[in-house]
A.B. asks: 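Just dropping this structure here.
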Amino acid sequence: MTKLVIENAYIAPVVGDEIPDGYLIVGDDGRIEALGAGPAPTVVGADRLSGAGCLVTPGLVNTHHHLYQWATQGLYQDATLFEWLTGLYRLWARMDADVVYGAASAGLGWLTLTGTTTSTDHHYVFPKGRGDLFEAEVRAARELGVRFHPCRGSMDRGQSQGGLPPDEVVENREEILINTAEIIDKYHDPSFDSMLRVAVAPCSPFSVSEGLMRDSAELARAKGVRLHTHLAETLDEEEHCLEQMGCTPVEYMEKLGWLGDDVWFAHAVHLHDKDIRRFADTGTGSAHCPSSNARLGAGIARVMDLLAAGAPVGLGVDGAASSELTSMAGEMRQAMLFQRAVHGPKALTARQALEIGTLGGARNLGRQNEIGSLEPGKLADIAIWKVDGFRAAVTDPVCSLVFGPQPPLARLLVGGKTVVENDELKTVAHDQVGRNGVAARERIMRQES
């Protein structure tokens with residue numbers, strides 16, 4: 001790979017001072033070599049890219065998603081979470097590997113076009129005899145060239161055992177654990193510049209048995225991978241836990257050994273003060289999903305309080321079926337505005353929103369030493385946003401990115417490689433990715449359960 005010099009740009013590294021007229025050098029190893037105030041030095045043999053009129057930030061890090069849901073967008077538009085889930089479980093039971101591949105291709109393509117260089121996925125529905133669903137989404141991510149953290153999800157607690165999902169969409173606990181271990185052994189790459197890492201992610205307290213939660217934590221720690229699940233998303237969930245487990249969701253997780261710096265939870269909307277203290281004390285992270293939480297009427301997470309306590313907070317777009325066509329850039333804006341709506345205009349700044357969308361997400365994934373900020377030695381996962389033209393009237397480029405609609409992408413780099421240029425995918429056929437998503441929806445709608 002040829003070295004690249006980005007020059008004459010406004011650089012917002014997240015860590016350290018911003019550089020109004022700066023340069024950044026990407027080495028031939030796909031890492032950031034240097035950055036500083038202009039003029040850029042001469043680098044023999046390097047390509048040069050003008051960043052005039054552009055804002056350079058770390059690539060965005062999405063820490064919660066359900067890619068398969070791209071195929072079921074727009075349904076149950078006025079439902080609560082539990083109503084929405086019970087309406088969709090049987091539809092999701094129809095998915096096969098082709099549906100997952102098409103949905104993952106479109107979902108990851110959309111994220112990439114909107115500034116995301118690293119994304120998780122939480123896939124927890126595995127109908128029998130429908131092909132290798134996990135491989136399908138891994139294949140889609142590899143084709144796009146996005147850094148990927150798929151989470152092997154699971155459900156083993158159906159309605160007959162007091163859970164929310166119908167029995168036909170849950171799995172056997174032993175089969176789950178065997179398959180999860182096989183997936184980790186086959187796909188997980190712990191290296192510094194890894195493009196693929198796996199997490200263990202039983203779905204939620206209302207769809208997973210206590211035994212599977214404990215066994216999953218034991219398996220993840222034995223394999224050296226991270227843990228993820230939904231938690232405290234709605235008041236219904238808290239009532240469910242109090243009724244069936246005799247404690248709050250966070251108390252239940254702590255009892256099962258599920259707090260720690262190798263754990264991040266999705267949503268964490270309804271936290272008590274003591275929960276926030278425990279998250280901070282243990283380094284437990286959370287993925288804030290403001291658009292999905294608003295769409296389902298779940299509430300607004302206590303992001304300001306979590307950050308003040310020192311707990312890791314990242315962002316997630318959540319599944320497209322509860323957050324239609326949501327981008328990570330949009331979630332930065334939503335996160336900032338929601339906190340201000342509750343706590344006033346000083347609650348969350350544009351730069352704090354950028355940080356939780358980048359370095360905060362990297363902390364959730366245990367990759368804060370590799371991605372999430374622009375520093376020498378880190379991987380060159382970089383977004384170059386065009387903030388000229390109409391946007392130039394907003395003299396603060398970070399404000400332009402976070403306060404306003406998403407700017408166009410001049411370039412998106414993953415490990416120094418171009419995956420988006422001038423709002424067009426460069427690693428795959430741009431138009432085909434959208435068609436893959438449409439085909440996935442058409443297929444799941446005509447499949448038999």
Side-chain angles (χ1 to χ4, degrees), residues 66-69 71-72 75-76 79-100 103 121-134 136-137 150-183 200-219 227-234 236-246 249 252-253 256 258 266-267 296 318-319 321-322 440 443-449:
H66 305 293
L67 287 166
Y68 68 87
Q69 292 181 14
T72 57
L75 304 176
Y76 298 95
T80 66
L81 173 65
F82 278 19
E83 292 167 346
W84 178 87
L85 282 170
T86 53
L88 285 168
Y89 277 136
R90 288 186 171 87
L91 185 57
W92 293 336
R94 301 177 182 180
M95 81 174 83
D96 60 12
D98 289 338
V99 169
V100 172
D121 185 53
H122 188 185
H123 191 107
Y124 57 85
V125 182
F126 289 88
K128 293 186 185 303
R130 300 284 183 168
D132 192 336
L133 276 57
F134 201 89
E137 63 174 3
C151 307
R152 204 302 184 180
S154 55
M155 299 188 294
D156 73 332
R157 186 166 173 254
Q159 290 175 347
S160 64
Q161 295 177 312
L164 187 68
D167 288 350
E168 59 264 35
V169 300
V170 302
E171 299 176 271
N172 173 272
R173 184 166 96 188
E174 184 177 354
E175 291 175 351
I176 290 167
L177 294 168
I178 290 172
N179 183 248
T180 302
E182 291 172 346
I183 282 172
V200 178
C203 182
S204 65
F206 53 80
S207 60
V208 175
S209 68
E210 179 176 329
L212 180 57
M213 294 297 294
R214 290 186 187 277
D215 289 347
S216 294
E218 183 177 335
L219 172 63
L227 283 163
H228 182 54
T229 191
H230 298 93
L231 193 72
E233 185 174 358
T234 66
D236 288 343
E237 179 185 331
E238 173 139 343
E239 292 170 4
H240 179 92
C241 286
L242 287 169
E243 179 182 334
Q244 298 206 16
M245 290 83 167
Y252 182 57
M253 289 294 104
L256 301 181
W258 263 75
H267 305 297
L296 295 169
D318 204 7
S322 66
R443 184 174 179 83
I444 199 171
M445 290 301 179
R446 67 173 181 262
Q447 288 275 77
E448 294 182 3
S449 57

A.B. asks: Can you name the residues that form a salt bridge (charged side-chain N to carboxylate O under 4.0 Å, His left out) with Glu175, not counting sequence neighbours?
C.D. replies: Lys128
A.B. asks: Does some side-chain heavy atom of Leu177 sit less than 4.5 Å from a side-chain heavy atom of Leu219?
C.D. replies: yes
A.B. asks: Could you list the residues that satisfy side-chain hydrogen bond (donor to acceptor under 3.5 Å, both in side chains) with Thr72, not counting sequence neighbours?
C.D. replies: Trp92
A.B. asks: Please name all residues satisfying ring pair (Phe, Tyr, Trp, His ring centres under 6.0 Å) with Phe126, sequence neighbours left out, ordered by chain then number.
C.D. replies: His123
A.B. asks: How far does CD of Gln161 sit from OG of Ser207, to the nearest 0.5 angstrom?
C.D. replies: 11.5 Å
A.B. asks: Among all residues two or more places apart in sequence or in another chain, which pass the salt bridge (charged side-chain N to carboxylate O under 4.0 Å, His left out) test with Glu171?
C.D. replies: Arg152
A.B. asks: side-chain hydrogen bond (donor to acceptor under 3.5 Å, both in side chains) with Asp156: which residues, sequence neighbours excluded?
C.D. replies: Ser209
A.B. asks: Check the orientation of His230 and His267. Use parallel for under 30°, tilted for 30 to 60°, and perpendicular for over 60°.
C.D. replies: parallel
A.B. asks: Once side-chain contact (heavy atoms from CB on, under 4.5 Å) is applied, do any residues pair with Ala440, and if so which ones, sequence neighbours excluded?
C.D. replies: Ala71, Val99, Ala103
A.B. asks: Please find the pair of heavy atoms, one from Ser322 and one from Trp84, that lie closest to each other, and give the distance.
C.D. replies: CB-CZ2, 3.6 Å
A.B. asks: If every non-hydrogen atom of Arg90 is compared with every non-hydrogen atom of Pro166, which pair is closest and at what distance?
C.D. replies: NH2-CB, 3.4 Å
A.B. asks: Would you confirm whether Glu137, through its side chain, and Leu67, through its main-chain N or O, come within 3.5 Å as a donor-acceptor pair?
C.D. replies: no
A.B. asks: State, with a plain yes or no, whether a side-chain heavy atom of Pro205 is found less than 4.5 Å away from one of Arg157.
C.D. replies: no
A.B. asks: Within this structure, what is the CG-CZ distance for the pair Asp215 and Arg173, rounded to the nearest 0.5 Å?
C.D. replies: 4.5 Å
A.B. asks: Could you state the interatomic distance from CZ (Phe82) to CD (Glu233), rounded to the nearest 0.5 Å?
C.D. replies: 8.5 Å
A.B. asks: Please check if the side chain of Thr229 supplies one atom and the backbone of Cys203 the other of a donor-acceptor pair under 3.5 Å.
C.D. replies: yes
A.B. asks: Atom CD of residue position Glu218 - does it have more than 12 heavy atoms of other residues, nucleotides or ligands inside 6.0 Å?
C.D. replies: no
A.B. asks: Do the side chain of Tyr76 and the main chain of Gly87 share a donor and acceptor less than 3.5 angstrom apart?
C.D. replies: yes
A.B. asks: Identify, with sequence neighbours excluded, every residue that meets side-chain hydrogen bond (donor to acceptor under 3.5 Å, both in side chains) alongside Glu210.
C.D. replies: Arg214
A.B. asks: Sequence neighbours left out, what passes side-chain hydrogen bond (donor to acceptor under 3.5 Å, both in side chains) with Ser216? Give chain and number order.
C.D. replies: none
A.B. asks: To the nearest 0.5 Å, tell me how far His66 NE2 sits from Asp318 CG.
C.D. replies: 4.5 Å
A.B. asks: Which heavy atom of Pro165 sits nearest a heavy atom of Met155, and at what distance?
C.D. replies: CG-SD, 3.9 Å
A.B. asks: Side chains of Thr180 and Ser154, heavy atoms from C-beta outward: is any pair under 4.5 Å?
C.D. replies: no
A.B. asks: Does the His122 side chain pair with the main chain of His228, one donor and one acceptor, at a distance under 3.5 Å?
C.D. replies: no
A.B. asks: Might you work through the side-chain contact (heavy atoms from CB on, under 4.5 Å) test for Leu296 and Thr234, ending with a clear yes or no?
C.D. replies: CA-CA 9 Å; Leu296 295 169; Thr234 66; over 6 Å; no
A.B. asks: Quick one: salt bridge (charged side-chain N to carboxylate O under 4.0 Å, His left out) partners of Arg443, sequence neighbours excluded?
C.D. replies: Asp96, Asp98
A.B. asks: Can you tell me how far the CG atom of Leu231 sits from the CD atom of Glu238, to the nearest 0.5 Å?
C.D. replies: 9.5 Å
A.B. asks: Return the set of residues passing salt bridge (charged side-chain N to carboxylate O under 4.0 Å, His left out) with Glu83 (not counting sequence neighbours), or none when no residue passes.
C.D. replies: none
A.B. asks: Donor-acceptor pair, distance only, cut-off 3.5 Å: does the side chain of Glu237 make one with the backbone of Ala232?
C.D. replies: yes
A.B. asks: State whether the side chain of Arg94 and the backbone N or O of Met445 hold a donor-acceptor pair below 3.5 Å, judged by distance alone.
C.D. replies: yes
A.B. asks: Which distance, rounded to the nearest 0.5 Å, do you find between the OG of Ser204 and the CG of Leu164?
C.D. replies: 7.5 Å
A.B. asks: Counting C-beta onward and ignoring hydrogens, is there a side-chain heavy-atom pair between Ile176 and Pro202 closer than 4.5 Å?
C.D. replies: no
A.B. asks: List the atom of Val100, the atom of Ala136, and the distance in Å for their closest heavy-atom pair.
C.D. replies: CG1-CB, 4.1 Å
